[in-house]
Amino acid sequence: PPEVVDFEQGLFNQLTIKFSEGLEEISANAFNHYRLTATDLIPVQATELFEDSTVIITFEQNLEDLQNYSLEIIRVEDKSGNILVDRTINFQYAAPDIPATGDILITEIMADPSPSVGQPEVEYVELYNASDKTFNLSLVSFSDASDVSPLPGVALLPDTYIIITS
């Protein structure tokens, strides 16, 4: 049967579960196979991703910061018909930090001029985390008057640089 190999707290109303093998699609996506105990939070969606072995569970409301939860995984089936009967994961939810002004700095911009004039055909932006907090970059986006570009969901650690490319 499938086993839980990884569990991550997502953004505010999501949990991610990685299983040891590919899951049967209907079983993986049945949100009634996942229950958060001791709470009124109800899953509204279970989405199977990444080679059929990772499920993102989305709840109607946000999880409460520093609250203890138990996630019950009930009768999830793999592609061979083997069933994970029951599994409970106990955790304390920690809400992600939201950057304040000055926490994340743009330290370098490489624009790709046309023609490239001997420069690489690449554009990037370098970001620096000037705070003592870790930020999930999916909470941040670049925007102008006509467009919004979300950033990838990666952690930017304190006193760390990251380069974002297209």
Side-chain angles (χ1 to χ4, degrees), residues 1-100 103-104 124-125 127-129 131-143 147-166:
E3 294 293 326
V4 174
V5 294
D6 196 18
F7 170 79
E8 294 180 12
Q9 300 175 29
L11 299 177
F12 304 111
N13 69 335
Q14 292 184 331
L15 301 174
T16 302
I17 306 166
K18 176 143 178 70
F19 292 90
S20 58
E21 56 189 298
L23 303 175
E24 192 278 321
E25 183 177 2
I26 293 172
S27 176
N29 292 337
F31 60 84
N32 62 331
H33 286 201
Y34 313 94
R35 182 172 51 218
L36 209 52
T37 60
T39 179
D40 293 331
L41 293 177
I42 300 168
V44 293
Q45 183 177 6
T47 307
E48 183 180 25
L49 301 171
F50 310 115
E51 299 175 1
D52 306 328
S53 64
T54 301
V55 175
I56 297 176
I57 303 165
T58 304
F59 296 91
E60 195 169 69
Q61 291 101 13
N62 292 342
L63 281 76
E64 188 176 326
D65 191 30
L66 303 179
Q67 174 70 37
N68 292 318
Y69 292 99
S70 292
L71 175 66
E72 293 180 357
I73 304 166
I74 307 157
R75 301 193 57 77
V76 174
E77 186 176 330
D78 68 16
K79 292 183 179 225
S80 300
N82 301 310
I83 295 173
L84 170 67
V85 178
D86 284 339
R87 171 76 196 274
T88 300
I89 299 171
N90 298 309
F91 67 99
Q92 183 179 57
Y93 179 73
D97 287 315
I98 307 228
D103 282 347
I104 298 176
Y124 67 84
V125 175
L127 302 178
Y128 171 67
N129 183 350
S131 79
D132 60 354
K133 301 174 190 154
T134 298
F135 299 112
N136 185 319
L137 288 182
S138 66
L139 296 173
V140 180
S141 62
F142 288 120
S143 64
D147 193 25
V148 175
S149 297
L151 296 182
V154 297
L156 181 57
L157 301 173
D159 193 33
T160 302
Y161 292 86
I162 190 168
I163 292 177
I164 307 293
T165 65
S166 56

Trainee: I want to check something: taking the side chain as every heavy atom from C-beta on, are Leu156 and Thr134 in contact at a cut-off of under 4.5 Å?
Mentor: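 Sidechains of Thr134 and Leu156: no contact.
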Trainee: Check whether any side-chain heavy atom of Ile17 sits under 4.5 Å from a side-chain heavy atom of Thr54, and report yes or no.
Mentor: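 SC-SC contact between Ile17 and Thr54 ruled out.
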Trainee: With a 3.5 Å distance limit and no angle check, can you tell me whether Thr160 reaches the backbone of Pro158 through a side-chain donor-acceptor pair?
Mentor: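 Yes; at least one donor-acceptor contact below 3.5 Å.
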Trainee: Any side-chain donor paired with an acceptor under 3.5 Å for Thr58 and Gln14?
Mentor: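 Gln14 and Thr58 do have a side-chain donor-acceptor pair below 3.5 Å.
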Trainee: Search all heavy atoms of Gln9 against all heavy atoms of Gln92 and return the closest pair with its distance.
Mentor: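 Residues Gln9 and Gln92, closest heavy atoms: NE2-O, 3.0 Å.
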Trainee: How far does CD of Glu24 sit from NZ of Lys79, to the nearest 0.5 angstrom?
Mentor: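 Reported value, rounded in 0.5 Å steps: 8.5 Å.
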Trainee: After noting the C-alpha distance and the side-chain angles of Phe31 and Ile57, does the key distance pass the side-chain contact (heavy atoms from CB on, under 4.5 Å) rule?
Mentor: CA-CA 7 Å; Phe31 60 84; Ile57 303 165; 5.8 Å; no
Trainee: Find out whether Leu84 and Ile73 are in side-chain contact, i.e. whether some heavy atom of one side chain is under 4.5 Å from a heavy atom of the other.
Mentor: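 Yes, close enough: below the 4.5 Å cut-off.
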Trainee: What's the separation between atom CG in Asp97 and atom CG in Leu139, rounded to the nearest 0.5 Å?
Mentor: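 The CG atom of Asp97 sits 9.5 Å away from the CG atom of Leu139.
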Trainee: Do Leu36 and Phe59 touch side chain to side chain, with heavy atoms closer than 4.5 Å?
Mentor: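 Yes, their side chains come closer than 4.5 Å.
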Trainee: Is there side-chain contact between Leu71 and Phe7, with at least one heavy-atom pair below 4.5 Å?
Mentor: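 Leu71 reaches Phe7 side chain to side chain.
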Trainee: Would Tyr128 and Asp159 satisfy side-chain contact (heavy atoms from CB on, under 4.5 Å), going step by step from the backbone distance to the final call?
Mentor: CA-CA 7 Å; Tyr128 171 67; Asp159 193 33; 2.5 Å; yes
Trainee: In Å, rounded to the nearest 0.5 Å, how long is the span from CD of Gln67 to CG of Asp65?
Mentor: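 The CG atom of Asp65 is 10.0 Å from CD of Gln67, to the nearest 0.5 Å.
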Trainee: Verify side-chain contact (heavy atoms from CB on, under 4.5 Å) between Val154 and Ile162, making sure each step is shown before the conclusion.
Mentor: CA-CA 10 Å; Val154 297; Ile162 190 168; 3.7 Å; yes
Trainee: Under the side-chain contact (heavy atoms from CB on, under 4.5 Å) rule, collect the residues that match up with Asp78, sequence neighbours excluded.
Mentor: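 Residues passing side-chain contact (heavy atoms from CB on, under 4.5 Å) with Asp78: Pro2, Glu21, Ser80, Asn82.
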Trainee: What I'd like to find out is whether the side chain of Asn129 reaches to under 4.5 Å of the side chain of Phe135, using heavy atoms alone.
Mentor: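 A side-chain contact exists here, since the closest heavy-atom pair is under 4.5 Å.
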Trainee: Examine the side chains of Asn90 and Ser70 and answer whether a donor and an acceptor come within less than 3.5 Å of each other.
Mentor: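 Judged by distance alone, the side chains do pair up.
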Trainee: Can you tell me how far the CZ atom of Phe19 sits from the CZ atom of Arg87, to the nearest 0.5 Å?
Mentor: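 So the CZ of Phe19 and the CZ of Arg87 are separated by 9.0 Å.
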Trainee: Give the ring-plane orientation class for Tyr69 versus Tyr93, where under 30° counts as parallel, over 60° as perpendicular and anything between as tilted.
Mentor: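 The arrangement is perpendicular - the two ring planes meet at more than 60°.
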Trainee: Grab the two heavy atoms, one from Tyr34 and one from Ser27, that are nearest each other, plus how far apart they are.
Mentor: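 In terms of heavy atoms, the two residues are closest at OH-O, 4.3 Å.
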Trainee: Just wondering, do Ile83 and Pro1 contact through their side chains at under 4.5 Å, heavy atoms?
Mentor: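 Side-chain contact under 4.5 Å: no.
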Trainee: Please confirm whether the backbone N or O of Ala100 pairs with a side-chain atom of Asp103, one donor and one acceptor, at under 3.5 Å?
Mentor: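 At least one qualifying donor-acceptor pair exists.
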Trainee: Please report the interatomic distance OG(Ser149) to CD1(Ile164), rounded to the nearest 0.5 Å.
Mentor: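 Reported value, rounded in 0.5 Å steps: 11.5 Å.
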Trainee: Before giving the answer on side-chain contact (heavy atoms from CB on, under 4.5 Å), spell out for Leu63 and Leu15 the whole-Å C-alpha distance, their side-chain angles and the decisive distance to 0.1 Å.
Mentor: CA-CA 10 Å; Leu63 281 76; Leu15 301 174; 4.1 Å; yes
Trainee: Could you tell me whether the side chain of Ser53 reaches within less than 4.5 Å of the side chain of Leu23, counting heavy atoms only?
Mentor: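 SC-SC contact between Leu23 and Ser53 ruled out.
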Trainee: Taking atom CG of Asn13 and atom CD1 of Ile56, what is their separation to the nearest 0.5 Å?
Mentor: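 The distance works out to 11.0 Å.
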Trainee: Would you indicate whether Glu72, at its atom CD, is surrounded by more than 12 heavy atoms from other residues, nucleotides or ligands within a distance under 6.0 Å?
Mentor: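 Counting neighbours around CD of Glu72, more than 12 heavy atoms of other residues, nucleotides or ligands fall under 6.0 Å, so yes.
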